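Here's the structure, in structure tokens; my notes come after.
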Amino acid sequence: MTFTPHGKHLIAGQWVASEATFSSEPAHGQPHKFSVGTVEQVDAACRAAEEAFWSYGYSTREERAKFLNAIADEIEARADAITEIGTSETGLPEARLQGERGRTTGQLRLFASHILKGDYLDLRHDEALPDRKPLPRPDLKLVQRPIGPVAVFGASNFPLAFSTAGGDTAAALAAGCPVVVKGHSAHPGTGEIVAEAIAAAVKSCGLHPGVFSLIQGGNRAVGQALVQHPDINAVGFTGSLAGGRALFDLCAQRPVPIPFFGELGSVNPMFLLPQALGARGADIAKGWSGSLTMGAGQFCTNPGIAFVIDGPDADAFVKAAVEALGESGKQTMLTNGIAEAYRSGSRRVSGSTGVRELIGTSCETREAAPYLFETTGDAWLANEELAEEVFGPLGIIVRAKDQEQMRQIALGIEGQLTCTLHMDDGDTELAQSLVPVLERKAGRLLANGFPTGVEVADAMVHGGPYPASTNFGATSVGTLSIRRFLRPVCYQNMPEAILPVR
Ligand code: NAP
């Protein structure tokens, strides 16, 4: 089944065109024209979402679970067409789109079953103590309530799982919040067909059509108007530090500031401790190469930096990493802009003092091969720019002088989505000195693994101190992500009959 996008926005159940259009830039296949969003269309979608909240925000958990499952079914019903347009727009392989579709529908179904259990509501009840002296205690019931319409910005690198019906949308809908999505201009056709699936589910579940809208981009004013709209109560964002920070600042400057849940970039450092480096350096190098080049390195959890302690084992690790990465070929990047940013980021690293290029590439198009660099702990500590994310398959090996310098490096790193320790039994003492440092830096700490591949589960944390995210108390993956779109309300001495449905 081939899908030809019509290029319109979905505003409260209606497909609406704009005069101005932009063209998609597919990696292969035909480009299509898409309507550029306008501030008026943002306003219409947000108003409809607010109107829908008066029913959707008071729906039962069963009704919302049915809706989430219906979205998953409608996405599956369009499986082949989604894969076709998704691979064309992003250049990602078919298997990746299929896997990501499974992750997206699995996430919707998981959230459906999670809200049915009800414990996410964290209901608390302090019973009245009328005879307490010197003062009686009132009856107090704490309930988590949905916050109202939520704006969602998807990321270019997860056209399904972090986009139109991705984690943020699923979490907000599970909580009881209508959603207005700002479509990503890197995959507007994929956004359109997924929006079509959500619209079909809205209809079959008999919900207010304002529960979901998608406004295509093509103009930065769309996203800016969306986060500033008075009917929007929070923003879920996945993307770059620069884009996220610009929108976060707009949220903070509003007359009524709102929370901005931005999941941003990260370099996901790995610390290779001496025993593990000596015993398994070559295996770790191979595993690192696979993780670093997966999806052309376009993962927020891409482990871009490896810290080792200098010496013969470090030499062997470098040699093995050069061999492993040297074997990986070119892959298509998500957009021309991302490929250009990858090239300029590599030039920045390559031109830094004390950095040596181990693998270079002459990539001039949207096809990217890996870069590998090495430097010393001293050069790393002297140059903060080396710690900035280069989005793509770029790795830096940093040779620390000794264990103390490795700890100094750990103390100096900024907020990360993940930090990884490669360690054997003999490394326990050093690991014990690093973990208290690293747990202050990252949302997820791993031992002997690679951070790409984020499990959607109850215990997952995908977030971390700034700049990994703008809100270290939250996660954008896993069932805990629903809590971002809830607000605790205490009902004091309120008769049961007028308490909200729970
Ligand atoms: P991006 O360029 O920041 O774009 C994300 C969205 O924000 C797009 O809709 C974009 O609009 C919009 N936007 C960006 N800057 C804006 C501004 N100043 N004003 C209004 N809207 C703005 O990010 P991306 O290219 O999609 O993703 C790549 C980055 O995301 C990488 O750094 C990666 O590490 C990070 N990422 C993080 C996670 C995570 O979970 N932490 C996951 C995946 C990716 P347009 O459509 O107009 O460009």
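Order of appearance sets the numbers: ligands from 1, and atoms from 1 within every ligand. Keep in mind it's a predicted model, so treat the numbers as computed, not measured.
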Open item on the list: Check the orientation of F307 and W380. Use parallel for under 30°, tilted for 30 to 60°, and perpendicular for over 60°.
Closed with: perpendicular
- [ ] Determine, considering heavy atoms only, which of G337, A225, G239 sits nearest to atom 30 (O) of ligand 1.
- [x] G239
Task: Nearest-option assignment for atom 47 (O) of ligand 1, heavy atoms, candidates H187, R220, H184, Q224 - done: R220
Open item on the list: Rounded to the nearest 0.5 Å, what separates atom CG in L241 from atom OH in Y466?
Closed with: 4.5 Å
Open item on the list: Quick check: H462 and ligand 1, any N/O pair under 3.5 Å apart?
Closed with: yes
Task: Flag if over 12 foreign heavy atoms under 6.0 Å of CZ, R348 - done: yes
- [ ] Identify the protein heavy atom lying closest to atom 12 (C) of ligand 1, giving its residue, its atom name and the separation to 0.1 Å.
- [x] F153 CD2, 4.2 Å
Open item on the list: So, regarding E389 and ligand 1 (criterion: nitrogen or oxygen to nitrogen or oxygen, under 3.5 Å), is there a contact or not?
Closed with: yes
Open item on the list: Apply side-chain hydrogen bond (donor to acceptor under 3.5 Å, both in side chains) to residues E76 and T105 and explain how you reach the verdict.
Closed with: CA-CA 8 Å; E76 289 302 349; T105 53; 3.1 Å; yes
Open item on the list: Which residue in the set R101, Q98, E94, R96 passes side chain to side chain donor-acceptor pair (under 3.5 Å) when paired with T83?
Closed with: R101
Task: Minimum-distance protein heavy atom relative to atom 45 (P) of ligand 1 - done: S185 OG, 3.3 Å
Task: Q41 and S18 side chains, donor-acceptor separation under 3.5 Å - done: yes
Task: SB check E340 R347 (cutoff 4.0 Å) - done: yes
Task: For atom 9 (O) of ligand 1, closest protein heavy-atom neighbour - done: K182 NZ, 2.8 Å
- [ ] Identify, by atom number and element, the atoms of ligand 1 in contact range of N157, meaning under 4.0 Å from any of its heavy atoms.
- [x] 43 (C), 44 (C)
Open item on the list: Quick check for you: to the nearest 0.5 Å, what is the distance between F111 atom CZ and I482 atom CD1?
Closed with: 5.0 Å
- [ ] Ignoring angles and geometry beyond distance, decide whether L264 reaches within less than 3.5 Å of ligand 1 through its nitrogen or oxygen atoms.
- [x] yes
- [ ] Look at atom 1 (P) of ligand 1 and find which of G183, S240, G243, G223 reaches it with the closest heavy atom.
- [x] S240
Open item on the list: Heavy atom to atom 7 (O) of ligand 1, shortest distance: which of F162, F237, F158 holds it?
Closed with: F237
TODO: Could you tell me which atoms of ligand 1, counted from 1 in the order shown, lie closer than 4.0 angstrom to a heavy atom of F391?
DONE: 28 (C), 31 (C), 33 (C), 34 (O)
- [ ] Anything under 30° is parallel, anything over 60° is perpendicular, the rest tilted; go ahead and classify F260 against F248.
- [x] perpendicular
- [ ] Quick one: look up the protein heavy atom nearest atom 38 (C) of ligand 1 and list residue, atom name and how far away it is.
- [x] C300 CB, 3.0 Å
Open item on the list: Under 4.0 Å, counting heavy atoms only: does S156 come that close to any atom of ligand 1?
Closed with: yes
Open item on the list: Residue-level breakdown please: for Q298 versus ligand 1, do any non-hydrogen atoms fall below 4.0 Å on the side chain, on the backbone, on both, or on neither?
Closed with: neither
Open item on the list: Using 0.5 Å steps for rounding, measure from the CZ atom of R78 to the CZ atom of F3.
Closed with: 9.0 Å
- [ ] Classify the contact between N302 and ligand 1 as side chain, backbone, both or neither, using a heavy-atom distance cut-off of under 4.0 Å.
- [x] neither
- [ ] Please identify which atoms of ligand 1 are closer than 4.0 Å to at least one heavy atom of G265.
- [x] 34 (O)
Open item on the list: One thing to verify: whether E50 and R47 come together as a salt bridge, which I'm taking to mean a side-chain N less than 4.0 angstrom from a carboxylate O.
Closed with: no
Open item on the list: Checking a contact table here: which protein heavy atom is nearest atom 18 (N) of ligand 1, and how many Å away?
Closed with: A246 CB, 3.7 Å
